[in-house]
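Letters A, B, ... are given to chains in the order of the sequence lines, protein chains preceding strands, and every chain is numbered from 1. Any value given below was found using the heavy atoms of this structure, including those in side chains, with hydrogens, waters and symmetry copies removed.
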Number of protein chains: 2
Amino acid sequence: MPNSKPVTMDAVYTAPGYLFRRMQQIAVALFIEECKAFDLTPVQYAALIAISTHPGIDATRLSAVIAFDRSTLGNVIERLEAKEFIARKPAPEDRRVKLLYLTKAGAAVLDEIMPSVDKAQARMLQPLKPADRKALLALLTQLVDLNNEASRVPLRAEDALEHLGRSG
Amino acid sequence: MPNSKPVTMDAVYTAPGYLFRRMQQIAVALFIEECKAFDLTPVQYAALIAISTHPGIDATRLSAVIAFDRSTLGNVIERLEAKEFIARKPAPEDRRVKLLYLTKAGAAVLDEIMPSVDKAQARMLQPLKPADRKALLALLTQLVDLNNEASRVPLRAEDALEHLGRSG
DNA sequence: ATTTAATTGACAGTATACTGACAATATGGC
DNA sequence: GCCATATTGTCAGTATACTGTCAATTAAAT
């Protein structure tokens, strides 16, 4: 027998899913506001960092390193290439693969945007007391890690990729 | 002088913004998985609940009640109307406004989907210890509330709308 | 009453996200 | 070497999200 209690908006407001969605909206808004001088979205920023850390990575592996959908990532890469923050070069030993590299402009924008990114990240948690910020961050880190397999593209960090090579 | 420390992926993985994005992805994936029998997205579910709680609400006020962008909401309403879960009727006293009502099918699907939604919401926090779930939910609720004005469409709950009428 | 403001729903444009499919290419078993 | 299989990038389709704009309509100012 289905539910028959009176439905109130609390069914929405207190649901973790709603709170995560809301916090994501807020987080993106703060990032965009702090970084508007740089023409970089949060997703593009994360992709740039990953390419900077893994020069010559390909799109599939990049998607695993930042846990983005591969289809989505294609468009992100296109935009980063259009802005000339990255360059794509065909892989010599595999003609399917295109390797990703930071351009000088890309490296420069990463260097310059850092303080604004830090400011945005700080603002997201600012309303909480310092101890609560730490607690929330710890719980969130734990939860994201433990739920890793629940999303379409689980995070596969750098270590998991090293011996992944072409076979795995 | 900009940053010059070596950049690692921790700049991404430990950032609250990244964790919120990741948790949102996971939350949506779990919702869709649990509720795939009902052809309702998390956003559509929240809109349905709000229309159920506020019969005859208009799109602008609905966007305030669930903190969704008005532009986005237009498409959501269209889809809910196409599925015949809601009906739109012109307001007699204001020819710009279209009022939103649940259909019988809409009320039925809301009634039936509840257990699956609850299951999805529970799964999001399941990996944590019960005490940690409570703590995270409390901190998140607090943070979303305190950051309310940071997003484009701040939440204006029902009380704030009652005496808002046509002049606010 | 007439001009000015604001509100409403709609639209175009951009940017994530996911599903499912595809051709080109590479790898494995045999 | 050949064939089944897997991988890679890409694309089409759907669904949030946000920015900015617009015409129609209403409300406010005077």
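- Here C/dA5 is in the syn range [glycosidic angle within 90° of 0].
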Using the 3.5 Å cut-off, write out each protein N or O paired with an N or O of nucleotides 20-23 of chain C and the distance between them.
residue: C/dG20; atom: O6; partner: A/Ser71; partner atom: OG; Å: 3.1

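- In this structure, CG of A/Asn75 is placed 14 Å from P of D/dG9, rounded to the nearest angstrom.
- Each of A/Pro42 and B/Lys98 lies near DNA chain C, and the nucleotide nearest B/Lys98 is the one positioned closer to the 5' end.
- Under the Watson-Crick and G-U wobble criteria, each requiring two contacts below 3.5 Å, nucleotide C/dC30 is paired to D/dG1.
- Atom-to-atom, OH of B/Tyr45 to C1' of D/dT16 comes out at 18 Å; the value is rounded to the nearest Å.
- You'll find that the side chain of B/Val76 is closest to D/dT16, out of C/dT8, C/dA26, D/dT16.
- Sequence neighbours left out, not one pair with a member in residues 139-148 of chain B passes salt bridge (Lys or Arg N to Asp or Glu O under 4.0 Å).
- When both distances must be under 3.5 Å, the Watson-Crick or G-U wobble mate of D/dT26 does not exist.
- Rounded to whole Å, the distance from CD1 on A/Ile32 to P on C/dT14 is 16 Å.
- Looking at which nucleotide of DNA chain D each of A/Ala29 and B/Lys83 is closest to, the 5′-most match is held by B/Lys83.
- Among all heavy-atom pairs drawn from A/Ala47 and A/Leu62, the shortest one is O-CD1, 4.2 Å.
- Atom CD1 of A/Ile66 is separated from atom P of C/dC18 by 12 Å (rounded to the nearest Å).
- Going from atom CZ of B/Phe68 over to atom P of C/dG9 covers 17 Å, rounded to whole Å.
- Contacts of B/Arg70 classified as salt bridge (charged side-chain N to carboxylate O under 4.0 Å, His left out), with partners at least two apart in sequence or in another chain: none.
- Between A/Asn147 and B/Met124, the shortest heavy-atom contact is ND2-O, 2.8 Å.
- Considering only side-chain atoms of A/Val43, the nucleotide from C/dT7, C/dT16, C/dG9 that sits closest is C/dT16.
- Atom CZ in B/Arg79 sits about 13 Å away from atom P in C/dA10, given to the nearest Å.
- The interatomic distance linking B/Leu40 (CG) with D/dT14 (P) rounds to 18 Å, in whole Å.
- Counting any heavy atom pair closer than 4.0 Å across all strands shown, A/Val28 reaches no nucleic acid atom.
- Checking the phosphate oxygens (OP1, OP2) of D/dG9, no side-chain nitrogen or oxygen of A/Arg88 falls inside 4.0 Å.
- The side chain of A/Val97 sits closest to D/dG9 out of C/dT8, C/dA10, D/dG9.
- Residues satisfying the salt bridge (charged side-chain N to carboxylate O under 4.0 Å, His left out) criterion with A/Arg123, sequence neighbours excluded, are A/Glu33, A/Glu34.
- Within 4.0 Å (heavy atoms only), A/Thr60 reaches sugar-phosphate atoms of the nucleic acid but no base atom.
- Within the structure, ring-ring contact (aromatic ring centres under 6.0 Å, His included) pairs that include any residue of residues 20-50 of chain A comprise A/Phe31-A/Tyr45 (at least two apart or interchain).
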Could you pull out every donor-acceptor pair under 3.5 Å between side chains of residues 77-85 of chain A and any protein atom, sequence neighbours left out?
residue: A/Glu81; atom: OE1; partner: A/Arg88; partner atom: NE; Å: 3.2
residue: A/Glu81; atom: OE1; partner: A/Arg88; partner atom: NH2; Å: 2.8
residue: A/Lys83; atom: NZ; partner: A/Asp39; partner atom: O; Å: 2.8
residue: A/Lys83; atom: NZ; partner: A/Gln44; partner atom: OE1; Å: 2.7

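- In this model, the phosphate group of D/dT16 is approached by a side-chain N or O of B/Gln44 to a distance below 4.0 Å at OP1 or OP2.
- Taking atom CG of B/Leu73 as the reference point, atom P of C/dA10 lies 10 Å away to the nearest angstrom.
- With hydrogens and angles left out, the side chain of B/Arg96 and the base of C/dT8 share no donor-acceptor pair within 3.5 Å.
- Place A/Thr41 and A/Arg95 on DNA chain C by their nearest nucleotides, and A/Thr41 ends up nearer the 5' end.
- Residues A/Val12 and A/Ile26 do not share a hydrophobic cluster, defined by chaining ILVMFWY side chains whose heavy atoms lie under 4.5 Å apart.
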